[in-house]
Amino acid sequence: MPVAESDVVRDVSLFEAVVKATVEKSRAVESLELGAGDLQGPLFGLKIFRNLTPKCFFTTSCVLQFSSQGVRPGLTTMVARHLDKNTMGYIQWRWGIQSAMNTSIVRDTKTSHFTMAFQLGIPHSFMMVSYQHKFEDEEQTRLKGSIKAGFFGTVVEYGAERKISRHSVLGATVSVGVPQGVSLKVKLNRASQTYFFPIHLTDQLLPSAVFYATVGPLIIYVAMHRLIIKPYLKAEKEKELEKQRESSASDILKKKQEAEAAVRLMQESVRRIIEAEESRMGLIILNAWYGKFVTDNSRRNERVKVIDVTVPLQCLVKDSKLILTEASKAGLPGFYDPCIGEDKSLKILYQFRGVMHQVMSGDNEALRIPKQCEFIGQFIEHCRKTITIKKEEKKVVENNIYYNNEHMQRKPHCFTGTTSLFGITWFYTLVQSAISANLLLSIYNS
């Protein structure tokens, strides 16, 4: 007699839920819990947790379920141990309700989650391997797949889940099994509530059913994301930003006045810094803007919100260098936040060694100008010009020697000696240039 798929799912889900709850409690020393519920009749439970060693703990739970078949007692005991920083090993024994014994290894890292479990029990014995990949994006996208094989048959599952709003996570899983058939499971987590929609497509293993179960949810999600979810989230974000602007309008005005006053005080210092930098062809800030830049053509209607920060940045230049740390630039002297709650950047147009450069940096990114490649590039160009001049001088002398050999009958070995002399001079120039480059690099990095 084939086993119902719901029993298999409930058995595997119960095991996974117990493992998850145990991981969450592994930091506690000991705990005692009382609970009651009404899933298949009134249920009362008692759970005890205790650490045995710093790396080993156990948990025991007792339940009494009152149903139409009478009182059904149950006992579950689990022993777990930390195998390494990200890996746990479990041994679990259940008696009474769905009696079984299983062992499992769970490895959870920042980008992946792996589980391998083996269970011997009544009525289900199975082996399960599952893997989940976690993407480090804002939507917290996860791709997962698993295979379960046991007395109930073989089930292969694959799916994905993604965060669609601040408190909502949407997921879909395709289940392909023998003899269970093909089914689609859609799950929506909203805050502390979970909505589960199982859709059984067929009892047979049909390629068309697998195709529609895979492609159908993707098409529906893309359509919903572009037509409903994305516009809704954008509207909500605009509302929050508008409220934030209204509440902070007076604060922005105050910060603006403070920044303008600071810029006025910097004028004399900036004048002296520019004179010093011009005298040695150093770093001069030509223009600098800070705020929100609109670069996408689809967002042309959005208003650009930037402020001029040329004077404050020139005031921070020291020894032909400008160094900014990894922090919001709105806190720098002469700066303020012109668009609170929005992404900001810093755009600088500067001159170094008589050459103009442009750089753009994020609000919280570190910045150092001139860049090392520009500094070394200009030095290499200087060395190249010097070597070119030496080559030209060598050609002129060689031509003179050739002329003297033709008209004054000078011995041929004089040309060889002169060529060697210029080879030594050229090699010395290269070595001197390399030593100077290392010296300048050490001075620049310091």
Side-chain angles (χ1 to χ4, degrees), residues 135-140 166 230-231 233-264 266-267 270 273-274 277 282-318 320-353 355-375 377:
F135 292 90
E136 298 181 7
D137 54 0
E138 295 181 359
E139 291 80 12
Q140 299 178 7
R166 182 180 300 176
K230 195 173 180 179
L233 294 178
K234 185 177 180 181
E236 289 294 318
K237 185 177 180 179
E238 289 295 332
K239 290 180 181 178
E240 292 181 1
L241 289 176
E242 191 62 31
K243 292 180 180 178
Q244 197 171 12
R245 292 191 199 103
E246 293 176 356
S247 61
S248 58
S250 59
D251 186 47
I252 293 177
L253 181 60
K254 182 180 178 181
K255 294 289 184 181
K256 180 180 179 181
Q257 294 173 351
E258 293 176 355
E260 291 174 349
V263 169
R264 287 193 295 270
M266 296 176 185
Q267 295 291 343
V270 168
I273 293 174
I274 292 177
E277 294 296 328
L283 178 61
I284 300 175
I285 307 297
L286 302 177
N287 282 299
W289 303 271
Y290 173 70
K292 177 184 177 183
F293 296 87
V294 178
T295 57
D296 191 354
N297 292 331
S298 62
R299 301 166 58 190
R300 287 180 178 177
N301 296 329
E302 295 188 19
R303 185 163 57 92
V304 179
K305 305 169 186 175
V306 296
I307 58 174
D308 189 348
V309 291
T310 307
V311 174
L313 284 182
Q314 186 67 64
C315 192
L316 296 175
V317 173
K318 185 177 181 181
S320 298
K321 289 184 289 185
L322 175 64
I323 301 175
L324 302 178
T325 59
E326 294 181 355
S328 177
K329 298 169 180 60
L332 295 174
F335 282 65
Y336 70 95
D337 194 341
C339 46
I340 294 178
E342 300 184 55
D343 295 333
K344 293 172 284 293
S345 302
L346 176 63
K347 187 175 183 180
I348 304 175
L349 179 66
Y350 64 94
Q351 179 177 303
F352 180 69
R353 297 289 187 262
V355 181
M356 292 178 60
H357 303 277
Q358 181 174 295
V359 66
M360 195 165 186
S361 171
D363 186 25
N364 294 304
E365 294 179 2
L367 177 65
R368 180 170 184 169
I369 57 174
K371 295 182 179 179
Q372 189 172 354
C373 58
E374 298 168 356
F375 188 81

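Keep in mind the model is a prediction, meaning the values are calculated, not measured.
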Quiz item: Crowded around D137 CG? As in, over 12 foreign heavy atoms under 6.0 Å?
Solution: yes
Quiz prompt | Distance (rounded to the nearest 0.5 Å) between F352 CZ and H357 NE2 | solution = 7.5 Å
Quiz item: Do M356 and L349 come close enough that some side-chain heavy atom pair is under 4.5 Å?
Solution: yes
Quiz item: If you measure from CG on L253 to CD on Q257, what distance do you get to the nearest 0.5 Å?
Solution: 4.5 Å
Quiz item: If every non-hydrogen atom of N364 is compared with every non-hydrogen atom of K329, which pair is closest and at what distance?
Solution: N-NZ, 4.2 Å
Quiz item: Does the side chain of I369 reach to within under 4.5 Å of the side chain of I323, using non-hydrogen atoms?
Solution: no
Quiz prompt | Distance, nearest 0.5 Å, that separates CE of M266 from CG of L313 | solution = 9.5 Å
Practice problem: Given salt bridge (Lys or Arg N to Asp or Glu O under 4.0 Å), test K344 with D337 step by step and report yes or no. | Solution: CA-CA 9 Å; K344 293 172 284 293; D337 194 341; 3.3 Å; yes
Quiz prompt | Residue pair E258 / Y336, side-chain heavy-atom distance below 4.5 Å | solution = no
Quiz item: Is there a donor in the side chain of D363 and an acceptor in the side chain of S328, or the other way round, less than 3.5 Å apart?
Solution: yes
Quiz item: Salt bridge or not for E236 and R166, using N-O below 4.0 Å?
Solution: no
Quiz item: Where is the tightest heavy-atom contact between G282 and S320, given as atom of each residue plus distance?
Solution: CA-OG, 3.5 Å
Exercise. Measure the shortest side-chain to side-chain distance between P312 and L332 over non-hydrogen atoms and say whether it is less than 4.5 angstrom.
Key: no
Self-check item: Rounded distance [0.5 Å steps], CD in E365 versus CG in L324
Solution: 11.5 Å
Self-check item: Derivation of the side chain to side chain contact (heavy atoms under 4.5 Å, CB included) call for L346 and M360
Solution: CA-CA 6 Å; L346 176 63; M360 195 165 186; over 6 Å; no
Practice problem: Check whether any side-chain heavy atom of V309 lies under 4.5 Å from a side-chain heavy atom of I348, and answer yes or no. | Solution: no
Self-check item: Heavy-atom closest pair, residues L283 and Y350
Solution: CD1-CD1, 3.3 Å
Practice problem: Please name the pair of heavy atoms, one in S361 and one in A366, separated by the smallest distance, quoted to 0.1 Å. | Solution: OG-O, 4.2 Å
Practice problem: Report the distance from atom CD of E260 to atom CD1 of I307, rounding to the nearest 0.5 Å. | Solution: 9.5 Å
Quiz prompt | Which atom of I285 lies closest to which atom of A288, heavy atoms considered | solution = CG2-CB, 4.1 Å
Quiz item: Which atom pair, heavy atoms only, marks the closest approach of T310 to L286?
Solution: CG2-O, 3.7 Å
Quiz item: Do L322 and R368 come within less than 4.5 Å of each other through their side chains, counting heavy atoms only?
Solution: no
Quiz item: Do Y290 and D308 have a side chain donor and acceptor closer than 3.5 Å?
Solution: no
Quiz item: Counting only heavy atoms not in E138, do more than 12 sit closer than 6.0 Å to its CD atom?
Solution: no
Quiz item: Roughly how far, to the nearest 0.5 Å, is the NZ atom of K347 from the CD atom of Q358?
Solution: 4.5 Å
Quiz item: Among pairs that include at least one residue of residues 247-257, which meet salt bridge (charged side-chain N to carboxylate O under 4.0 Å, His left out), considering only residues two or more places apart or in two chains?
Solution: none
